[in-house]
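The chains referred to below are lettered A, B, ... by the order of the sequence lines, with proteins before strands, and numbering in each begins at 1.
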2 protein chains.
Amino acid sequence: MQSKLNTEVNIRIAIFDDNEAIRNSLFQLLNYTPGLEVVAMFDNCVNATKKIDEYLPRVVLMDINMPDCSGIDAVKEIKSAFPTIDIIMFTVFEEENKIFEALQAGATGYLLKSTQPIKIIEAIQDIIAGGAPMTAAIARKVMQFFNNQIKQQHNKDVLTSREQDVLKSLIEGYSYKMIAAHLHISIETVRTYIKRIYDKMHVNSMTEAVAKAIKERWFN
Amino acid sequence: MQSKLNTEVNIRIAIFDDNEAIRNSLFQLLNYTPGLEVVAMFDNCVNATKKIDEYLPRVVLMDINMPDCSGIDAVKEIKSAFPTIDIIMFTVFEEENKIFEALQAGATGYLLKSTQPIKIIEAIQDIIAGGAPMTAAIARKVMQFFNNQIKQQHNKDVLTSREQDVLKSLIEGYSYKMIAAHLHISIETVRTYIKRIYDKMHVNSMTEAVAKAIKERWFN
DNA sequence: TTTTTTGTCCCCCTTTTATGGTATTGTAAC
DNA sequence: GTTACAATACCATAAAAGGGGGACAAAAAA
């Protein structure tokens, strides 16, 4: 068996889900699909890393809501111990914050349990091929994450070019003195700009200005 | 025609691409697909908004590299004038920064020109259905965007709970005095924590600490 | 052509931050 | 039962930032 080509080696899958019926139907679905092999199933994700270590799956299907432990924490654990394992979240609801938490925790895919069986198989093949499988609706939410970050970019427009230079320098962590040197202007000029910036941004300290500019992504 | 049901009304598509061959094959592909209708094609995106206004498409296929204008700027323009129009970027290469620029500009999908024709049709139907069509490789890059933001979260761990409180307050824009009041501790204690925070973060000003913490997403 | 904006600079004065110390408690680890 | 760390607090001094002005030339807008 060891001598077979890589392409003929089954994709090892581990399933974490507290619902036995779901575990079983996933097992049926996946294990009888050529090329896939369910090597382990668990009804909770306590000590997930240890469980993974024992069965070394290539792909993990992880429920979010399990008793005694959070699937998202499990993802963090697994990803930090086994960065190459791909994890697909598998859940009933598409709660916006759960999605982002899961993705930030290191999940690569996000499927709803209502997904057609054939799509689940495709998702696993997809993730092995370097894809990031997710339902259209979830992909859309991920996109909105990007879009939301450009809404009020008009704020930036009210700053003159020189004021923007100074604000950028503040974000870099430069002091007045450093900014003056960097922009080849007097420190008094820097002070003038900063006063105007605070005025326009409705803040009254470097920290506030920097926090606001970074959070609202005035620059990139 | 106007009296037909919505589901029977064709999806109006506009194409921006400087390559005539590509325009023509897209036209062939899409226009002869039931339910789709190419209502306009352009070899550049100068005055994109005006062009859109004339033909009012539901979906736009936009090349990134066109002479005389940037597809990404066109996306910004169109999106700000017609927020409900869905735009799919359609390009030869998958340059990482172009992808993010396009998505931040408001594109919802991102396809490579090497995509199979059938997938292009699916993508258009997908986007109408609220999806965000993109190739697996691109979806993966988008995922990496999230993942990249959790890499060095161990930094945060070295801060004690109280130090984290103070740092969070700094990010909120609070001054020493305000933090002291807010956390019910002496301003001297605040100063002590801040000194330790700077030490651990390897910075030496509020601005740097705040910028670093926000950029590296120590909190959320 | 006049007015407004932008970029540049200066002064005075107050408040806040930064740096470098020391010190006391309670708790957790060894 | 000592060592280590966390949380708390204080002092002194220097440096930086904030708030209030005013000024002037060049460019842009009205």
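Within the 4.0 Å cut-off from OP1 or OP2 of C/dG7, not a single side-chain nitrogen or oxygen of A/Thr192 is found. Phosphate contact (OP1/OP2 of D/dC10, side-chain N/O of B/Ser186, threshold under 4.0 Å): present.
The nearest heavy atom of DNA chain C to B/Tyr176 and to A/Arg162 marks one nucleotide each, and the one closer to the 5' end goes with A/Arg162. Checking A/Lys177 against A/Glu188, the closest nucleotide of DNA chain D that is more toward the 5' end is the one next to A/Lys177.
Between the P atom of D/dG18 and the CD1 atom of A/Ile197 lies a distance of 11 Å, rounded to the nearest Å. The interatomic distance linking A/Ile185 (CD1) with C/dC10 (C1') rounds to 14 Å, in whole Å. Atom CE in A/Met178 sits roughly 14 Å away from atom P in C/dA18 (whole-Å rounding). Taking atom CG of A/Asn204 as the reference point, atom P of C/dT15 lies 15 Å away to the nearest angstrom. If you take CE of A/Met206 and C1' of C/dT15, they are 15 Å apart, rounded to a whole angstrom.
For the pairing with A/Asp17, the side-chain contact (heavy atoms from CB on, under 4.5 Å) check across A/Leu61, A/Asp43, A/Asp63 returns one residue only, A/Asp63.
Nucleic acid contact for A/Tyr198: sugar-phosphate only, since backbone atoms but no base atoms lie under 4.0 Å from a heavy atom of the residue.
Among the nucleotides C/dA18, C/dT16, C/dT6, the one closest to the side chain of A/Lys200 is C/dT6. Closest to the side chain of B/Arg191, out of D/dG18, C/dG20, D/dC10, is C/dG20. Closest contact between the side chain of B/Lys195 and the listed nucleotides C/dG20, C/dC9, D/dA17 involves C/dG20.
Contact annotation: side chain of B/Arg196 to base of C/dT19, donor-acceptor pair absent below 3.5 Å. No hydrogens or angles were tested; on distance alone, nothing pairs the side chain of A/Thr189 with the base of C/dC9 as donor and acceptor under 3.5 Å.
Here A/Arg196 does not pair with A/Asp199 in a salt bridge; the nearest charged N to carboxylate O distance is not below 4.0 Å.
Checked by atom type and distance alone, the side chain of A/Arg12 pairs as donor or acceptor with a backbone atom of A/Tyr55 at under 3.5 Å.
Within a 6.0 Å radius of NZ in B/Lys177, other residues, nucleotides and ligands contribute 12 heavy atoms or fewer.
Side chains of A/Lys51 and A/Asn44: a donor on one and an acceptor on the other come within 3.5 Å.
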